[in-house]
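To start, the structure itself, in structure tokens.
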Number of protein chains: 2
Amino acid sequence: MKKVELYTDGACSGNPGPGGWGAILRYGEHEKELSGGAHDTTNNRMELTAVIEGLKALKEPCMVTVYSDSKYFCDGVQKGWVYGWKKRGWKKSDGKPALNPDLWEELLTQLGRHQVEIVWVKGHAGHPENERCDRLAVAQSEKHR
Amino acid sequence: MKKVELYTDGACSGNPGPGGWGAILRYGEHEKELSGGAHDTTNNRMELTAVIEGLKALKEPCMVTVYSDSKYFCDGVQKGWVYGWKKRGWKKSDGKPALNPDLWEELLTQLGRHQVEIVWVKGHAGHPENERCDRLAVAQSEKHR
RNA sequence: AGACACCAUGUUUG
DNA sequence: CAAACATGGTGTCT
């Protein structure tokens with residue numbers, strides 16, 4: 001399996017409001033930038049979308065290291081929250097609905113396709129790829145207003 | 001009898017953990033701020049303490065309107081929970097012990113001294129005195145860590 | 001099952 | 001400075 005690095009970030013002006021996401025895929029020397037946005041969305045939806053779109057862009061199953069600054073995404077997977085929500089019919093521990101089940105379902109599909117390792121990076125802390133993704137995301141959020 | 005307004009709030013970092021309470025007494029133009037804290041306590045103990053200390057600070061029996069955001073306190077008195085617990089020897093309806101009987105006893109003493117009306121206010125909803133009490137309480141909880 | 005409060009964490013903004 | 005998006009938990013009661 002090919003070893004790939006995926007850097008992601010999301011932005012959302014107003015939150016909720018117009019938002020964007022950015023992703024950088026790196027395979028050896030090769031690098032690919034992806035980005036997109038939506039007219040009315042949230043920061044967390046954009047963070048999830050960045051990861052989903054990054055993974056979907058891979059034509060074959062890979063070993064992927066995903067770098068994200070979103071605890072919502074990182075903990076949602078690494079601490080197993082998402083599996084609990086799904087098991088309970090997209091309810092949280094307090095019985096209230098877990099949000100964004102559409103995106104989490106898509107994400108689970110992609111996580112099943114690849115061998116994924118997740119690394120949380122602190123936002124706005126000088127991480128070069130994270131900042132590039134941030135700029136991609138912000139540009140898209142401006143496009144979608 | 002003098003007409004007095006009492007605003008109260010409690011805070012507890014960690015819950016249980018270091019906590020604080022804040023109270024504002026208003027009599028006409030006069031206003032007095034009270035606050036205090038404890039090293040290891042709970043949010044509900046601080047909410048009750050804020051009311052108790054506010055009422056204790058009155059040197060004579062008064063007509064007091066108490067403003068609190070705690071349903072534990074407001075319903076405990078207004079729905080008569082506390083009288084039931086006391087009658088049953090500090091047991092709840094399910095037979096298990098009612099908690100914080102020390103504070104509830106002190107509170108009943110103070111309620112007997114004054115003519116008290118209770119008003120529940122939603123927390124963090126722009127109520128100015130409630131927010132001032134919150135800041136007093138938080139400051140104390142930081143002092144007691 | 002419901003309610004209120006208290007807290008912990010990160011991100012996104014204004 | 002303060003708010004929204006999202007999650008985990010405890011303190012307490014009915």
Side-chain angles (χ1 to χ4, degrees), chain A residues 8-21 40-50 68-82 84-85 91-101 103-104 120-125 130 133-134 137-138 141-142 145, chain B residues 8-21 40-48 50-51 68-82 84-85 91-94 96-101 103-104 120-126 130-131 133-135 137-138 141-142 145:
Chain A
T8 67
D9 197 22
C12 183
S13 158
N15 196 29
W21 56 270
D40 188 49
T41 185
T42 69
N43 64 328
N44 287 331
R45 288 190 70 82
M46 290 297 96
E47 300 275 9
L48 293 180
T49 303
S68 165
D69 61 23
S70 166
K71 279 285 186 188
Y72 181 50
F73 161 65
C74 294
D75 287 351
V77 178
Q78 290 193 299
K79 299 197 177 171
W81 297 348
V82 63
W85 303 331
K91 304 282 184 209
K92 296 186 291 181
S93 31
D94 64 5
K96 279 161 197 154
L99 301 194
N100 308 312
L103 294 176
W104 285 107
W120 176 77
V121 297
K122 186 163 176 54
H124 306 279
N130 181 260
C133 289
D134 180 61
V138 169
S141 94
E142 279 162 7
R145 31 171 290 154
Chain B
T8 67
D9 196 23
C12 182
S13 162
N15 194 29
W21 57 269
D40 187 49
T41 185
T42 69
N43 65 328
N44 288 330
R45 288 189 69 82
M46 289 297 97
E47 300 274 9
L48 292 181
V51 179
S68 166
D69 62 23
S70 167
K71 283 283 187 189
Y72 181 51
F73 161 64
C74 294
D75 288 351
V77 178
Q78 290 191 301
K79 300 197 175 169
W81 298 347
V82 63
W85 303 333
K91 305 283 186 209
K92 294 185 290 181
S93 25
D94 65 3
K96 282 166 193 152
L99 300 193
N100 308 312
L103 293 177
W104 284 108
W120 176 77
V121 297
K122 184 158 181 55
H124 306 277
N130 181 259
E131 306 213 344
C133 290
D134 180 62
R135 271 176 241 127
V138 169
S141 92
E142 278 162 8
R145 34 175 258 148

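Chain letters run A, B, ... following the sequence lines, proteins first, then strands; residues in each count from 1.
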Whole angstrom value for the distance that separates C1' of G10(C) from NZ of K122(A): 8 Å
Atom CZ of R145(B) and atom C1' of C7(C) are separated, to the nearest Å, by 14 Å
Return the OG1 to CG distance between T42(A) and N100(A), rounded to the nearest 0.5 Å. 5.5 Å
Closest nucleotide among U11(C), dC13(D), dA4(D) to the A98(B) side chain: dC13(D)
Rounded to the nearest 0.5 Å, the CH2 atom of W104(B) sits from the CZ atom of F73(B) at a distance of 7.0 Å
Earlier contact from the 5' end, DNA chain D, for R45(A) and D94(B): R45(A)
Testing dT7(D), dG9(D), U12(C) for proximity to the side chain of S93(A), the answer is dG9(D)
Within the structure, does a side-chain N or O atom of W85(B) lie under 4.0 Å from either OP1 or OP2 of dT14(D)? yes
Euclidean distance, atom CD of residue E131(B) to atom P of dC1(D) [Å, nearest integer]: 14 Å
Rounded distance in Å - CG (D40(B)) to P (C6(C)): 19 Å
What contact category does G10(A) fall into here, base, sugar-phosphate, or nothing, at under 4.0 angstrom with non-hydrogen atoms? sugar-phosphate
dC13(D), OP1 or OP2 - any side-chain N/O from K92(B) closer than 4.0 Å? yes
On the nucleotide U11(C), are OP1 or OP2 found under 4.0 Å from the side-chain N or O atoms that N15(A) carries? no
Is there side-chain contact between L48(A) and Y72(A), with heavy atoms separated by less than 4.5 Å? yes
Rounded to 10°, the angle between the first-five-pair and last-five-pair axes of the helix from A1(C)-dT14(D) to G14(C)-dC1(D) is 20°
Select one nucleotide: of dT12(D), dC5(D), C6(C), the one nearest the side-chain heavy atoms of N43(B). C6(C)
Under the side chain to side chain contact (heavy atoms under 4.5 Å, CB included) test, residues paired with A137(A) that sit two or more places apart: A11(A)
OP1 or OP2 of G14(C) versus the side-chain N and O atoms of S13(A): is any pair under 4.0 Å? yes
Would you compute the distance between atom OG1 of T41(B) and atom CG of L103(B) and round it to the nearest 0.5 angstrom? 8.0 Å
Say you draw a straight line from CZ of R135(B) to CG of N130(B); how long is it, rounded to the nearest 0.5 Å? 10.0 Å
What integer distance in Å separates M46(A):CE from U12(C):P? 13 Å
Measure from CH2 on W21(B) to C1' on C6(C) and round the result to the nearest Å. 18 Å
As an exercise, state the distance from OG of S70(B) to CG of D9(B), rounded to the nearest 0.5 Å. 9.0 Å
Could you tell me whether D9(A) contacts a base, only the sugar-phosphate backbone, or nothing, with contacts defined as non-hydrogen atoms closer than 4.0 Å? sugar-phosphate
Note: for N44(A) and R135(B) on DNA chain D, the residue whose nearest nucleotide lies more 5' is R135(B)
Would you indicate whether the side-chain heavy atoms of D134(B) and H124(B) approach each other to under 4.5 Å? yes
How many whole angstroms separate atom CH2 of W81(B) from atom P of dC13(D)? 9 Å
Counting heavy atoms from C-beta on, name the nucleotide in U12(C), dT12(D), dA6(D) closest to the side chain of C12(A). U12(C)
For a quick test of reading the model: is some side-chain N or O of H124(A) closer than 4.0 Å to OP1 or OP2 of U12(C)? yes
Between dT7(D) and K79(A), is there an OP1 or OP2 to side-chain N/O distance shorter than 4.0 Å? no
Taking the nucleotide of RNA chain C with the nearest heavy atom to each, does V138(A) or D75(A) sit closer to the 5' end? D75(A)
Write down the distance between NZ (K71(B)) and C1' (A5(C)), rounded to a whole number of angstrom. 11 Å
Is any side-chain heavy atom of E47(A) closer than 4.5 Å to one of W21(A)? no
With respect to the phosphate group of dA6(D), does any side-chain polar atom (N or O) of S70(A) fall under 4.0 Å of OP1 or OP2? no
Describe the nucleic acid contact of G17(B) in one word from base, sugar-phosphate, nothing, applying a heavy-atom distance below 4.0 Å. nothing
